[in-house]
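Written out below as structure tokens is the structure these notes cover.
Here is the naming used below: chain letters follow the sequence lines, and residue numbers restart at 1 for every chain. Any value given below was found using the heavy atoms of this structure, including those in side chains, with hydrogens, waters and symmetry copies removed.
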Number of protein chains: 2
Amino acid sequence: MGDMKMSGGVEWAVHCCVVLSQAEGPVPTQRLAEYHGISRTYLAKHLQQLSRAGLVTSTEGRVGGYLLTRAAEDITVLDVILAIEGTEPAFRCTEIRMNGPFPPSPQACKRPCGVNRVMQAAEQAWRSSLRSVTIADLAAGVTDDNGPQTFDRVREWLAT
Amino acid sequence: MGDMKMSGGVEWAVHCCVVLSQAEGPVPTQRLAEYHGISRTYLAKHLQQLSRAGLVTSTEGRVGGYLLTRAAEDITVLDVILAIEGTEPAFRCTEIRMNGPFPPSPQACKRPCGVNRVMQAAEQAWRSSLRSVTIADLAAGVTDDNGPQTFDRVREWLAT
DNA sequence: TAAACGTGGATAAGAACTATCCACGATTAG
DNA sequence: CTAATCGTGGATAGTTCTTATCCACGTTTA
């Protein structure tokens with residue numbers, strides 16, 4: 001049935017952050033969209049979310065664009081995901097245990113439902129994993145995969 | 001923006017499995033829906049998915065209903081989630097690295113994109129966590145929270 | 001002053017989620 | 001045998017979410 005899928009914008013946002021980690025000046029949406037072959041107008045929305053989340057700063061005007069607000073080592077993949085997807089947990093307990101013929105006592109209801117506890121623990125594991133990887137790690141992976149001078153060419157391309 | 005939310009049917013399905021773990025005979029959809037105060041017709045769809053996934057067996061006819069196919073100790077929360085949500089990963093890589101001006105070499109493309117690898121690792125952590133909890137564990141939690149004779153009353157109610 | 005750029009709002013097509021209903025076959029109590 | 005119960009699969013909608021586009025506006029710079 002459902003898919004519990006992540007927004008497609010997450011992929012865009014993470015890749016954009018990797019590119020921004022190599023930028024020497026503000027990079028406009030136009031450039032980032034060209035670089036990734038994606039929609040400029042829609043990407044703009046995602047970049048605004050990164051901006052609101054405090055991951056990037058924007059400079060308006062003629063030579064404006066986006067820059068990371070802090071070192072790539074200090075931005076985790078989780079940061080980017082939460083900026084795009086929001087911070088709400090994937091599972092929302094509707095407390096159906098209260099609907100049945102034997103609802104738990106008020107005392108027992110102070111604790112979250114057991115199902116909810118399991119889901120929360122799993123989400124914590126997921127977040128921990130994503131928090132352990134930074135944009136800098138991803139950038140290092142790109143040079144590993146594509147060669148050391150990859151980002152030199154990227155910087156050159158961005159300056160065009 | 002998006003929420004990467006889990007289908008609401010997951011909550012229903014897990015709770016139903018906990019109830020089924022206490023059943024002494026086939027439990028019809030009607031009964032499960034009443035127990036949880038949820039829609040009968042919609043719950044039927046979810047139970048069919050559990051059936052297709054091999055987690056429950058159905059018996060048709062006059063005294064039909066659902067039963068777990070195996071011991072509650074051998075059904076994990078992950079099993080139920082995958083039955084309802086499908087087995088596709090939450091993150092789907094669209095390979096936007098190929099769109100750019102510097103696509104990786106065919107050799108480098110044999111490995112999944114670095115972003116994808118991170119997402120897959122996180123999902124594995126999530127799945128591991130959910131695989132470590134069984135329906136039996138959840139049932140034990142209910143007796144811990146609501147008292148030891150909770151399921152006696154449930155069995156009595158189901159037999160009504 | 002015009003061009004480039006980010007911002008926020010409005011809008012819309014398509015997909016997914018939630019939910020319901022019905023026709024059908026199977027089973028069983030009476 | 002017959003009627004009631006029950007699961008199955010298909011069809012159908014309403015609502016929400018996702019994806020995407022466009023525009024008016026303010027800012028900055030050549």
Side-chain angles (χ1 to χ4, degrees), chain A residues 1-13 16 20 23 25-34 36-67 69 84-86 88 90-92 94 96 158 160, chain B residues 1-13 16 20 23 25-34 36-67 69 84-86 88 90-92 94 96 158 160:
Chain A
M1 237 142 170
D3 265 326
M4 197 189 70
K5 70 168 189 302
M6 203 178 295
S7 162
V10 169
E11 185 183 12
W12 297 4
C16 282
L20 287 177
V27 183
T29 308
Q30 173 70 38
R31 219 88 193 92
L32 289 170
E34 279 174 21
H36 295 110
I38 57 182
S39 156
R40 189 190 106 263
T41 55
Y42 194 28
L43 176 62
K45 295 299 181 191
H46 296 302
L47 293 174
Q48 283 174 32
Q49 289 185 269
L50 294 182
S51 179
R52 289 189 202 113
L55 301 183
V56 301
T57 50
S58 63
T59 58
E60 295 188 346
R62 183 69 176 69
V63 290
Y66 292 96
L67 279 178
T69 52
I84 302 295
E85 292 280 321
E88 286 171 29
F91 179 84
R92 319 90 174 292
T94 64
I96 65 175
L158 286 176
T160 305
Chain B
M1 238 145 171
D3 266 327
M4 197 189 70
K5 71 169 187 299
M6 203 178 297
S7 161
V10 169
E11 185 183 13
W12 296 5
C16 282
L20 288 178
V27 183
T29 308
Q30 173 70 39
R31 219 89 193 92
L32 289 170
E34 279 175 20
H36 295 110
I38 57 183
S39 156
R40 191 191 104 262
T41 56
Y42 193 28
L43 176 62
K45 296 298 182 192
H46 296 302
L47 293 174
Q48 284 172 31
Q49 290 185 268
L50 294 183
S51 178
R52 291 189 201 112
L55 300 182
V56 301
T57 51
S58 63
T59 58
E60 295 189 345
R62 184 69 176 69
V63 289
Y66 291 96
L67 278 178
T69 53
I84 301 296
E85 292 281 320
E88 285 170 29
F91 180 83
R92 319 88 172 298
T94 64
I96 65 175
L158 287 177
T160 306

May I have the distance from [X] (atom [atom1]) to [N] (atom [atom2]), rounded to whole angstrom?
| X | N | atom1 | atom2 | answer |
| --- | --- | --- | --- | --- |
| Gln30(A) | dT21(D) | CD | P | 13 Å |
| Leu20(A) | dG6(C) | CG | P | 11 Å |
| Ile84(A) | dT19(D) | CD1 | P | 11 Å |
| Gln48(A) | dA10(C) | CD | P | 14 Å |

Report, one pair per line, the protein and nucleotides 13-16 of chain D atoms (nitrogen or oxygen only) whose separation is under 3.5 Å.
none

Does [X] place a side-chain N or O at less than 4.0 Å from the phosphate oxygens OP1/OP2 of [N]?
| X | N | value |
| --- | --- | --- |
| Ser7(A) | dT19(D) | yes |
| Thr59(A) | dG6(C) | no |
| Ser51(B) | dT8(D) | yes |

Report task. Output yes when a side-chain donor or acceptor of Thr69(B) lies under 3.5 Å from a complementary backbone atom of Gly54(B), and no otherwise. Result -> yes

Query raised in the report: Do side-chain atoms of Ser58(A) reach the backbone of Tyr66(A) as a donor and acceptor pair under 3.5 angstrom?
Result: no

Query raised in the report: What's the spacing between Ser7(B) OG and His46(B) NE2 if we round to 0.5 Å?
Result: 5.0 Å

Requested in this report: Scan Arg52(B) against the nucleic acid and name what it touches under 4.0 Å (heavy atoms): base, sugar-phosphate only, or nothing.
Outcome: sugar-phosphate

For nucleotides 19-22 of chain C, list the nitrogen or oxygen atoms of the protein found under 3.5 Å from its nitrogen or oxygen atoms, one pair per line.
| from | atom 1 | to | atom 2 | distance (Å) |
| --- | --- | --- | --- | --- |
| dT20(C) | OP2 | Ser39(B) | OG | 2.4 |

Could I get the full list of side chain to side chain donor-acceptor pair (under 3.5 Å) partners for [X], not counting sequence neighbours?
| X | value |
| --- | --- |
| Thr57(B) | none |
| Glu34(A) | Gln30(A), Arg31(A) |
| Thr94(A) | Glu11(B) |

Report summary line: Scoring nucleotides 25-30 of chain C by protein non-hydrogen atoms under 4.0 Å (B base, S sugar-phosphate only, - none) yields BBBB--

